[in-house]
Amino acid sequence: MRYMKLLAFGMMVFAIETTVLFAQGNQEAANATREGIEASKAKDWDKAIAAFKRAAQLEARYAPNLASALQQRATVYLSQGKFQEAIADYSEALKVKAKDADIFERRAYAEIQLKDYDKALHDYNEAIKLSPEEPKYYQVRAFIYQTKGDFKAALADVDKVLKLDPNNQDAQQRKRFLEAKLHAPPTPPPTPAGPIPNPNVHPPATATATPATKP
């Protein structure tokens, strides 16, 4: 699926927000943030996350840096095939930015790689609640429904994609596939092996022999 490939190879590059480091506020938090920014530039995500976590614990205004660094490390984990680790980082990022639809989507991508379609479906449901006019979320949710065999729900999502993005070629192709699936004639039951019994012919009753009475 074209969109899934774009999501995989174009997994975002996050900008670590350079929070103003003036003297006001908690100087320890400012120092930790400065340390996190330097570690981010070196792509030392473990060190950056540890520093940003300290800063966020001291002052909540530094929390967005922590969410960004967690997502950066999750992207690295995804490239290494470490999907559980990526899911854990996205889950931590959602504790900081609970209303970020894209984080739900990125976690769902990792869940799909593990074939955990129920959790991925839940995350796309959350993303759609937050951004109901974003066609890409319906597009992948349709893929999940199709994979689970729910063609009717998949078609409903594809129709929503086409309403929001009428020229979406992936959705157009999927719609044709799903309509063919839904309107295909039912598959006849398999023919049993061996002779087929006639349902109108019943086996003769078993005779019960009465022992002869001796005179």
Side-chain angles (χ1 to χ4, degrees), residues 1 3-19 26 29 32-33 35-148 150 153-154 157:
M1 186 168 122
Y3 174 69
M4 294 297 289
K5 290 179 180 177
L6 289 174
L7 182 59
F9 294 109
M11 201 67 74
M12 75 312 299
V13 175
F14 301 103
I16 299 296
E17 299 176 10
T18 307
T19 312
N26 190 309
T33 298
E35 179 185 338
I37 291 170
E38 292 304 314
S40 299
K41 290 177 181 177
K43 297 188 178 354
D44 186 344
W45 300 113
D46 292 345
K47 184 176 180 180
I49 288 167
F52 288 138
K53 191 171 290 186
R54 290 200 311 274
Q57 288 169 346
L58 292 164
E59 282 200 38
R61 67 191 178 109
Y62 295 103
N65 289 330
L66 173 60
S68 295
L70 284 163
Q71 291 179 82
Q72 286 279 18
R73 188 170 68 179
T75 302
V76 174
Y77 283 144
L78 285 174
S79 69
Q80 297 170 343
K82 296 179 179 179
F83 302 117
Q84 291 287 10
E85 290 86 346
I87 289 168
D89 272 356
Y90 287 132
S91 297
E92 286 298 310
L94 282 168
K95 292 178 182 178
V96 178
K97 297 181 71 176
K99 301 297 184 181
D100 192 318
D102 284 341
I103 301 178
F104 279 107
E105 180 192 32
R106 291 162 195 148
R107 187 171 70 176
Y109 173 80
E111 290 160 345
I112 288 172
Q113 307 315 303
L114 295 174
K115 295 183 170 52
D116 197 341
Y117 297 116
D118 289 337
K119 287 184 179 178
L121 185 60
H122 168 270
D123 279 350
Y124 271 103
N125 290 342
E126 293 301 312
I128 287 170
K129 286 179 189 176
L130 293 167
S131 298
E133 300 303 311
E134 177 51 68
K136 66 182 181 180
Y137 299 150
Y138 297 98
Q139 190 169 343
V140 186
R141 193 172 72 171
F143 164 79
I144 297 171
Y145 278 133
Q146 178 186 318
T147 302
K148 289 170 62 68
D150 192 344
D157 271 357

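- With sequence neighbours excluded, no residue forms a salt bridge (Lys or Arg N to Asp or Glu O under 4.0 Å) with Lys115.
- Contacts classified as salt bridge (charged side-chain N to carboxylate O under 4.0 Å, His left out) and involving residues 82-91 (residues at least two apart or in different chains) are given here: Arg73-Asp89.
- Of the inter-residue distances, the one linking Arg107 atom CZ with Asp116 atom CG reads 10.5 Å to the nearest 0.5 angstrom.
- Heavy atoms only, all atoms of each residue included: Ala48 and Gly36 are closest at CB-O, 3.6 Å.
- With Ser79 contributing its side chain and Val76 its backbone, the two residues share a donor-acceptor pair below 3.5 Å.
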Full working for side chain to side chain contact (heavy atoms under 4.5 Å, CB included) between Tyr109 and Leu78: CA-CA 9 Å; Tyr109 173 80; Leu78 285 174; 4.2 Å; yes
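- Taking every heavy atom of both residues into account, Ile103 and Gln71 meet most closely at CG1-OE1, 3.3 Å.
- Residues meeting the side chain to side chain donor-acceptor pair (under 3.5 Å) test with Lys43, sequence neighbours left out: none.
- For Lys47, the side-chain contact (heavy atoms from CB on, under 4.5 Å) partners are Glu35, Ala39, Asp44, not counting sequence neighbours.
- Atom NZ of Lys119 sits about 14.0 Å away from atom CD1 of Ile112, to the nearest 0.5 Å.
- Residues meeting the side-chain contact (heavy atoms from CB on, under 4.5 Å) test with Leu121, sequence neighbours left out: Asn125, Arg141, Ile144, Tyr145, Lys148.
- When side chains are defined from C-beta on, Ile87 counts as touching Leu114, because their heavy atoms get closer than 4.5 Å.
- Side-chain contact between Pro64 and Phe52 is absent, with no heavy atoms from C-beta onward closer than 4.5 Å.
- Among residues two or more places apart in sequence or in another chain, the side-chain contact (heavy atoms from CB on, under 4.5 Å) test is passed with Leu58 by Asn26, Glu28, Ala29.
- Between the CG atom of Asp123 and the CD atom of Glu105 there is a distance of 10.0 Å, given to the nearest 0.5 Å.
- For Ala86 against Ala74, the heavy-atom pair with the smallest separation is CB-O, 3.6 Å.
- Nearest heavy atom pair, residue Ala93 against residue Ala67, reads CB-O, 4.0 Å.
- Using a 4.5 Å heavy-atom threshold, the side chains of Lys136 and Asp102 count as touching.
- Separating the CD atom in Gln84 from the OH atom in Tyr77 is a distance of 12.5 Å, to the nearest 0.5 Å.
- Taking each heavy atom of Phe104 and Ala98 in turn, the nearest pair found is CE1-O, 3.5 Å.
- For Lys95, the side-chain contact (heavy atoms from CB on, under 4.5 Å) test picks out Glu92, with sequence neighbours left out.
- To the nearest 0.5 Å, atom OH of residue Tyr62 and atom OG1 of residue Thr33 are 5.0 Å apart.
- Taking CD of Glu111 as the reference point, atom OH of Tyr124 lies at 9.5 Å (rounded to 0.5 Å).
- Here Thr147 pairs with nothing under the side chain to side chain donor-acceptor pair (under 3.5 Å) rule; sequence neighbours left out.
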Would you sort out whether Ser40 and Gln72 count as a side chain to side chain contact (heavy atoms under 4.5 Å, CB included), showing the intermediate values? CA-CA 9 Å; Ser40 299; Gln72 286 279 18; over 6 Å; no
Working note: Tyr90 + Thr75, criterion side chain to side chain contact (heavy atoms under 4.5 Å, CB included); need CA distance, chi angles, decisive distance, verdict. CA-CA 9 Å; Tyr90 287 132; Thr75 302; 4.0 Å; yes
